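Letters A, B, ... are given to chains in the order of the sequence lines, protein chains preceding strands, and every chain is numbered from 1. The structure presented is a predicted model; accordingly, all values stated were derived computationally and were not measured.
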2 protein chains.
Amino acid sequence: MSLRHALLGLLADEPASGYDLTRRFEKALRRYAWHAQHSQIYPELGRLADDGLVEVVAEGARGRRTYAITDAGRAELRRWLLHPPEVFVVRHEFVLRLFLLSTLDTADARAMLQPIVEESARELTALREAIEKSDATSLADAGLPFGRLAAEYGVRSLETLHGWAVWALERTEPAGNRRAGQASVAAQHASRPDGPATGPT
Amino acid sequence: MSLRHALLGLLADEPASGYDLTRRFEKALRRYAWHAQHSQIYPELGRLADDGLVEVVAEGARGRRTYAITDAGRAELRRWLLHPPEVFVVRHEFVLRLFLLSTLDTADARAMLQPIVEESARELTALREAIEKSDATSLADAGLPFGRLAAEYGVRSLETLHGWAVWALERTEPAGNRRAGQASVAAQHASRPDGPATGPT
DNA sequence: AATAACATGTAACGCGTTACATGATTAC
DNA sequence: GTAATCATGTAACGCGTTACATGTTATT
């Protein structure tokens, strides 16, 4: 039950209301790690409070309730983080689409890859700017929702996606531009022009 | 409904039974893209057949039914691949854990990162070997379940994960080894020692 | 003869999404 | 005053997991 721990993680950073948490899922987690809507978040906050892992620390206008993590909540979050399961269940439609790319012909594959090249470049620029802005404040991690480490992971993942899509487009050139052309058997066998070379350290 | 299209994608490669498909999810998709169990796969195959997107092409021993994709199925798969949604819903517990890393203190964070460094190195080696073996057969993509492009994406993603984890461990050195030590504000501000430098092309 | 692997199916339960529903406060 | 945003809640439905259930074929 990851939602529970995602909420504990967000509250470990700072107290927040259900509404705040909903926006933080939207903004920071949705794209990379996890997603939840308010219809799931509010009831789960209630259960977390029942279990003593969070508590209401303030009530504001419009019925707003600000929750904070308790010591028991921190302990539970820590326990969960230090005991990962042996296999992770992944559900990532974007990556599924990448895998199924091989069922398309050359022209269709290129139509699928081109937007990825562009979109990943845009996102990368945005994330790099957010990091620079945060670094400039000279207060650690200011503005970066999950700290510098997570931001770096995001940047590197986007760079990888971008680099791969560019490489894949090169390998999938339209007929004529390439020695074998089309999705022929030979064309699938070109050497890796700019693939990473070195192994793990 | 991605399961439908994941099944169509697998069947676009070659005909298979529900049992085969279950194993292919397990082996090839589970770790990176999507997961499904036989209890979900069998009923969905039935629905796909009802909708004319797949058909039974052989019946074998032990009630085995081999399904193949139909032309209508291929058309549906193509349509789906060429019309991605604007936002993707991601559900990736491993990445969620990376994001929540920042809630741990230095010692705990290192305890979390170390196994990642090792495990990603192991997986990378295994995948690289599978690719080399496949390349050596000199038949395109032989043995690579989703083709060379997907395999390359896998390699690059693992390299990225490994590189990031090594980098994160370096930044998170135990007290004493590092100018500021612990999870202090200053320690969070080291420059990026081996981070990738260049932007998108 | 026994065990492992092959092969399929379904029921119950829990998680997640969509849609419905309501009201308060702030900014223009 | 009116629209946008803030703020919470729940019901219905669909997707996904776990567990239950059954039988066949190949291997040793």
Side-chain angles (χ1 to χ4, degrees), chain A residues 1-8 10-11 15-27 29-31 33-51 54 56-67 80 85-93 96, chain B residues 1-8 10-11 15-27 29-31 33-51 54-68 80 85-93 96:
Chain A
M1 216 193 326
S2 296
L3 172 61
R4 236 178 142 66
H5 298 98
L7 289 171
L8 288 174
L10 286 164
L11 290 174
S17 68
Y19 188 83
D20 297 334
L21 292 165
T22 302
R23 280 182 315 172
R24 294 187 66 186
F25 265 94
E26 194 90 358
K27 195 173 61 120
L29 284 179
R30 181 191 179 101
R31 178 95 200 154
W34 207 263
H35 179 244
Q37 274 148 314
H38 79 270
S39 59
Q40 222 185 332
I41 290 170
Y42 286 113
E44 189 64 41
L45 278 173
R47 286 188 285 269
L48 282 165
D50 290 347
D51 296 347
V54 304
V56 176
V57 290
E59 310 217 6
R62 283 166 290 200
R64 176 190 171 97
R65 254 161 300 146
T66 304
Y67 290 88
W80 182 77
E86 270 177 45
V87 294
F88 289 98
V89 170
V90 174
R91 212 167 283 281
H92 199 319
E93 188 186 318
L96 175 62
Chain B
M1 216 193 326
S2 297
L3 172 61
R4 236 177 141 67
H5 298 98
L7 289 171
L8 287 174
L10 286 164
L11 291 175
S17 68
Y19 188 83
D20 297 334
L21 292 166
T22 302
R23 279 182 315 173
R24 295 187 65 186
F25 264 95
E26 195 91 358
K27 194 175 62 120
L29 284 178
R30 182 192 178 100
R31 179 94 200 154
W34 206 264
H35 180 244
Q37 274 149 313
H38 80 271
S39 59
Q40 223 185 331
I41 289 171
Y42 286 113
E44 189 63 41
L45 278 173
R47 284 188 288 268
L48 282 165
D50 289 346
D51 296 347
V54 305
E55 59 187 353
V56 176
V57 290
E59 311 218 5
R62 282 166 291 199
R64 177 190 171 96
R65 255 159 301 146
T66 304
Y67 290 88
W80 182 77
E86 272 178 42
V87 295
F88 290 98
V89 169
V90 175
R91 212 167 283 280
H92 199 319
E93 188 185 317
L96 175 62

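Between the CG atom of B/Leu45 and the NE2 atom of B/His38 there is a distance of 12.0 Å, given to the nearest 0.5 Å. The distance from atom CZ of A/Arg65 to atom OH of A/Tyr19, rounded to the nearest 0.5 Å, is 15.5 Å.
Along DNA chain C, the nucleotide nearest to B/Arg65 and the one nearest to A/Ser2 differ in position, and the one closer to the 5' end is contacted by B/Arg65. Nucleotides of DNA chain C nearest to B/Gly18 and A/Arg47 differ in position, and the one nearer the 5' end is that of B/Gly18.
By the ring pair (Phe, Tyr, Trp, His ring centres under 6.0 Å) test, A/Trp80 is found to be paired with A/His5, residues two or more places apart in sequence or in another chain being considered. A/Gln40 meets the side-chain hydrogen bond (donor to acceptor under 3.5 Å, both in side chains) test with no other residue; sequence neighbours excluded. When the side-chain contact (heavy atoms from CB on, under 4.5 Å) test is applied to A/His92, the partners found at least two apart in sequence or on another chain are A/Val90, A/Phe94, A/Val95, B/Val90, B/His92.
B/Phe25 is listed as a side-chain neighbour of B/Leu7, based on a closest heavy-atom distance under 4.5 Å.
Taking atom OH of A/Tyr19 as the reference point, atom P of D/dC6 lies 4 Å away to the nearest angstrom. In this entry the distance linking CD1 of A/Ile41 with C1' of D/dT8 reads 12 Å, nearest Å. Rounded to an integer number of Å, the gap from OH of A/Tyr42 to P of D/dC6 is 11 Å.
Counting 5' to 3', DNA chain C first comes under 4.0 angstrom of a heavy atom of chain A and last does so at the ends given by C/dC15 to C/dT25.
Each salt bridge (Lys or Arg N to Asp or Glu O under 4.0 Å) pair with one or both residues in residues 17-26 of chain A, not counting sequence neighbours, appears once here: A/Asp13-A/Arg24, A/Glu14-A/Arg24, A/Asp20-A/Arg23, A/Asp20-A/Arg64, A/Glu26-A/Arg30.
B/Arg23 comes within 4.0 angstrom of sugar-phosphate atoms only, judged by non-hydrogen atoms across all strands, and of no base. Among the protein residues, A/Thr22 comes within range of no part of the nucleic acid, since none of its heavy atoms lies under 4.0 Å from any strand. Contact annotation for A/His35: backbone-only contact, meaning every heavy-atom pair under 4.0 Å involves sugar-phosphate atoms and none involves a base.
Here the closest non-hydrogen pair linking B/Glu44 and B/Arg47 is OE1-NH2, 3.0 Å.
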A correct 5'-to-3' footprint of nucleotides 22-28 of chain D, with B, S and - meaning base, sugar-phosphate only and no protein heavy atom under 4.0 Å, is -BBB---
